[in-house]
Number of protein chains: 2
Amino acid sequence: MATTNNIANTGSGPIVPEVVIQRLPRYVRVLTQFADSGEKVISSEQLGTRLQMTPAQIRKDLSYFGRFGKQGRGYDIAMLEGQLRTILGLDRTWNAAVVGMGRLGRAVVSYPGFAPEGFNILAAFDASDDIVGQTISGLQVRSISELKTSVQNLDIKIGIVTVPIEHAQEVIDALVDAGIRSILNYAPLSPQVPKGVTVRGIDPVLSLQSMTYYIR
Amino acid sequence: MATTNNIANTGSGPIVPEVVIQRLPRYVRVLTQFADSGEKVISSEQLGTRLQMTPAQIRKDLSYFGRFGKQGRGYDIAMLEGQLRTILGLDRTWNAAVVGMGRLGRAVVSYPGFAPEGFNILAAFDASDDIVGQTISGLQVRSISELKTSVQNLDIKIGIVTVPIEHAQEVIDALVDAGIRSILNYAPLSPQVPKGVTVRGIDPVLSLQSMTYYIR
DNA sequence: TGGTGTGAAACATTTCACAGCT
DNA sequence: AGCTGTGAAATGTTTCACACCA
């Protein structure tokens with residue numbers, strides 16, 4: 001969905017296309033799987049087979065960040081995984097807050113897939129007095145009026161939006177106002193955000209609606 | 001995530017880039033919103049503002065399919081929405097099956113956003129004897145061994161995969177074997193599928209992992 | 001006047017192909 | 001011998017800019 005910019009400036013390094021950044025986590029995932037199965041070295045060809053992409057594209061993508069391989073051998077799996085995790089900022093944990101504790105928000109806070117990857121949901125917010133104060137999956141639901149202070153006190157860097165569409169834009173505005181620059185948006189809407197804020201949308205209906213084109 | 005092909009052949013018409021197809025549902029969504037608020041006509045400029053894209057891109061995208069606008073006026077909202085829905089195959093309903101009735105599968109079958117868009121989940125499958133036979137959100141859970149016959153009997157065209165990662169590839173293989181060509185995959189894996197099968201992945205962790213790059 | 005439709009230009013991304021390293 | 005890293009070519013996508021039309 002909407003992203004600020006399609007180019008990533010590494011600060012001092014080269015300019016990296018956004019689409020390359022989005023592929024990096026998939027490389028990390030495959031490398032982790034290979035490492036778990038005891039492999040030590042992997043070629044761009046093997047990586048490409050697993051990810052259904054060309055070896056050349058993988059080599060080119062990696063070349064934006066350094067020279068990680070050894071000619072004639074391939075890449076050291078553990079080393080490459082570590083490098084990519086560092087590049088992506090996955091060598092640390094990140095605190096997140098979920099806004100909207102209806103059905104979807106509850107599913108998100110109880111999803112066991114975030115914590116093992118270093119994404120810790122530390123706070124849950126809702127606008128409804130009926131829900132504020134409840135404890136859900138170990139989180140005491142807070143009022144949205146506390147958003148800004150909580151984000152600061154808990155060092156929250158990621159906002160996860162699970163409110164109904166009619167409140168999504170205002171919640172996103174509030175997250176941005178609270179200093180959040182990374183938002184995972186489950187509401188079926190293309191939000192407006194200022195430059196410098198990244199939003200990724202999770203929207204299964206949109207995915208279905210483009211697939212039907214190919215089977216109609 | 002993995003898609004078969006990045007080009008769409010409309011049959012007799014021109015070749016349409018895959019990326020254009022993926023934008024069409026977003027146009028439909030905005031058009032629906034404008035129509036609901038009583039508007040009759042919309043310009044590519046207005047559409048572009050809402051979707052954070054350039055008017056030229058919208059006009060170019062639409063031009064792959066026909067000449068829908070009127071110079072000096074813009075697009076008739078209801079007409080354009082209808083045309084795009086027809087192009088995408090959204091002028092009918094689609095039957096879907098969910099495979100994997102754990103936490104995630106239950107969330108998916110009880111998600112109220114699919115049916116209003118014409119996606120009807122008609123069957124639920126699981127491998128576990130403890131779950132088969134249970135009724136969840138009005139669906140009697142079936143054994144995976146019945147997958148192929150149910151897909152045929154119920155005219156199911158879309159498979160939704162919500163099994164744990166270790167069974168995802170085999171479930172996808174079974175769906176393909178049952179004749180399914182459109183798969184919505186919630187498992188954190190890049191599946192292997194034959195040409196002609198489209199898979200879209202829903203993977204919030206991957207989304208988070210690429211956003212951290214920009215805030216690290 | 002105002003906004004579409006569209007070739008052509010600009011730009012971005014992928015693929016090729018091969019020198020060079022281990 | 002085998003596989004990386006990478007300029008250059010090929011391909012794909014977006015933007016420009018303007019003729020044309022209601």
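Here the structure is a predicted model, which is why all the values come from computation and not from measurement. Throughout, a chain's letter reflects where its sequence line sits, starting with A, and its residues are numbered from 1. Note that these values count all heavy atoms, side chains included, but never hydrogens, waters or copies made by symmetry.
The separation between B/L47 atom CG and C/dG3 atom C1' is 13 Å, rounded to whole Å. The distance between atom CD1 of B/I58 and atom C1' of C/dT6, rounded to the nearest whole Å, is 16 Å. Following rounding to the nearest Å, A/Q22 (CD) and C/dA12 (C1') show an atom-to-atom distance of 15 Å. If you measure from atom CZ of A/F65 to atom C1' of D/dG5, you get 15 Å, rounded to the nearest angstrom. When the P atom of C/dT15 is taken as reference, atom CD of A/E45 falls 13 Å away, rounded to whole Å. Rounded to whole Å, the distance from CG on A/L62 to P on D/dG5 is 7 Å. The distance from atom OH of A/Y64 to atom C1' of C/dT13 is 7 Å, rounded to the nearest whole Å.
In this view, A/D173 satisfies the salt bridge (charged side-chain N to carboxylate O under 4.0 Å, His left out) rule with no residue, not counting sequence neighbours. Partners of B/P164 by side-chain contact (heavy atoms from CB on, under 4.5 Å), not counting sequence neighbours, listed by chain and number: B/E166. The salt bridge (charged side-chain N to carboxylate O under 4.0 Å, His left out) check on B/D177 picks up B/K148, with sequence neighbours excluded. Residues passing the side-chain contact (heavy atoms from CB on, under 4.5 Å) test with B/T93 are B/N120, sequence neighbours excluded. Shown here are the side-chain contact (heavy atoms from CB on, under 4.5 Å) partners of A/T49, two or more places apart in sequence or in another chain: there are none. Applying the side-chain contact (heavy atoms from CB on, under 4.5 Å) test to A/D155 and every residue at least two apart in sequence or in another chain returns A/N95, A/K157.
A donor-acceptor contact closer than 3.5 angstrom is absent between the side chains of B/Q169 and B/Q192.
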Listing, residues 69-80 of chain A side-chain donor-acceptor contacts under 3.5 Å, not counting sequence neighbours, or none:
| unit_1 | atom_1 | unit_2 | atom_2 | d |
| --- | --- | --- | --- | --- |
| A/D76 | OD1 | A/A78 | N | 3.3 |
| A/D76 | OD1 | A/M79 | N | 2.8 |

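Close to D/dT4, at under 4.0 Å from its OP1 or OP2, lies a side-chain N or O of A/S44. In terms of phosphate contacts, A/R67 brings no side-chain nitrogen or oxygen within less than 4.0 Å of OP1 or OP2 of D/dC3.
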TODO: Using a 4.0 Å heavy-atom cut-off, write out nucleotides 15-22 of chain D from 5' to 3' as B (base contacted by protein), S (sugar-phosphate only) or - (no contact).
DONE: BBB--BBS
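For the contact set between residues 74-89 of chain B and DNA chain C, defined by any heavy atom under 4.0 Å, the members are B/G74, B/Y75.
Nearer the 5' end of DNA chain C, as judged by each residue's closest nucleotide, is the contact made by B/F68, out of A/D61 and B/F68.
Residues B/V20 and B/F65 form a side-chain contact, since some pair of their non-hydrogen atoms from C-beta on lies under 4.5 Å apart.
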